[in-house]
Amino acid sequence: MPLTKLVKFCNLYKFSIDYVIGLSKVNNYVELDKLDRVKIGNKLKRIRQKLGLTQETIASECMISQATYSGYENGKYLITSLCLYTICYNHKISMNDILKK
């Protein structure tokens, strides 16, 4: 499901995105605003740097090219639901924390 539609679904039914996709067993709902590609990209970059990983490593985990992942971090593209889930699942990170303002 596209990330924008997933966020709309979660807001409509008042479920946290982490609860809906199975990253959490607790519904800690926080309304998510319109997704800002640049802000999300900046958060992804900070997280990756904090983890000490390269773009190539994260891209490999998501089975995408480094150039595509770079586009996510630079705010050129909105990250896909699957890629964001993969990163969050592999590194025990909350999708809500990445997507909220």
Side-chain angles (χ1 to χ4, degrees):
M1 173 183 287
L3 192 55
T4 53
K5 300 233 186 254
L6 182 57
V7 167
K8 284 181 184 179
F9 174 85
C10 291
N11 285 336
L12 179 65
Y13 292 104
K14 302 201 182 323
F15 285 113
S16 79
I17 199 165
D18 290 335
Y19 182 75
V20 169
I21 62 166
L23 290 175
S24 173
K25 293 183 181 188
V26 179
N27 180 22
N28 293 322
Y29 173 71
V30 175
E31 185 171 355
L32 298 171
D33 295 326
K34 185 177 180 213
L35 301 177
D36 184 328
R37 294 185 323 244
V38 175
K39 287 182 182 179
I40 293 169
N42 288 334
K43 286 183 183 182
L44 290 170
K45 184 175 184 176
R46 283 194 303 271
I47 289 167
R48 178 182 56 78
Q49 290 172 337
K50 185 177 177 183
L51 293 170
L53 301 172
T54 64
Q55 286 185 346
E56 186 64 44
T57 303
I58 296 288
S60 178
E61 289 178 5
C62 295
M63 293 186 279
I64 59 174
S65 71
Q66 181 273 329
T68 299
Y69 184 76
S70 177
Y72 296 155
E73 280 192 4
N74 293 323
K76 186 175 180 181
Y77 315 111
L78 180 62
I79 191 167
T80 64
S81 301
L82 181 58
C83 186
L84 185 58
Y85 171 79
T86 301
I87 294 166
C88 291
Y89 180 82
N90 289 348
H91 301 285
K92 309 296 186 254
I93 301 167
S94 167
M95 281 179 73
N96 277 337
D97 290 346
I98 294 172
L99 299 177
K100 69 182 179 183
K101 283 192 175 186

message: With a 4.5 Å cut-off on side-chain heavy atoms, are Leu82 and Leu3 touching?
response: no
task: With sequence neighbours excluded, give me every salt bridge (Lys or Arg N to Asp or Glu O under 4.0 Å) pair touching residues 70-95.
output: Arg48-Glu73
task: Could you name each residue pair satisfying ring-ring contact (aromatic ring centres under 6.0 Å, His included) that touches residues 46-78, not counting sequence neighbours?
output: none
Name each donor-acceptor pair under 3.5 Å that joins a side chain in residues 34-42 to protein atoms two or more places apart or in another chain, with its distance.
residue	atom	partner	partner atom	Å
Asp36	OD1	Val38	N	3.0
Asp36	OD1	Lys39	N	3.3
Arg37	NE	Gly75	O	2.9
Asn42	ND2	Val38	O	3.3

- prompt: For Ser24, which residues count as a side-chain hydrogen bond (donor to acceptor under 3.5 Å, both in side chains) partner, sequence neighbours excluded?
  reply: none
query: By side-chain hydrogen bond (donor to acceptor under 3.5 Å, both in side chains), which residues pair with Thr80, not counting sequence neighbours?
result: none
- prompt: Got Cys62 and Ile87 here, is their nearest side-chain heavy-atom distance under 4.5 Å?
  reply: yes
task: Would you please name every residue forming a ring pair (Phe, Tyr, Trp, His ring centres under 6.0 Å) with Tyr85, sequence neighbours left out?
output: Tyr89
With sequence neighbours excluded, residues passing side-chain hydrogen bond (donor to acceptor under 3.5 Å, both in side chains) with Gln66: Gln55
Show me the donor-acceptor pairs, under 3.5 Å and distance only, between side chains in residues 25-33 and residues at least two apart or in other chains.
residue	atom	partner	partner atom	Å
Asn27	OD1	Ser16	N	2.7
Asn27	ND2	Lys14	O	3.2
Tyr29	OH	Asn11	OD1	3.3

- request: Under the side-chain hydrogen bond (donor to acceptor under 3.5 Å, both in side chains) rule, collect the residues that match up with Ser60, sequence neighbours excluded.
  value: none
task: Applying salt bridge (charged side-chain N to carboxylate O under 4.0 Å, His left out), name anything that partners Lys100, two or more places apart in sequence or on another chain.
output: Asp97
statement: The complete set of salt bridge (Lys or Arg N to Asp or Glu O under 4.0 Å) pairs with one or both residues in residues 54-64, sequence neighbours excluded, reads none
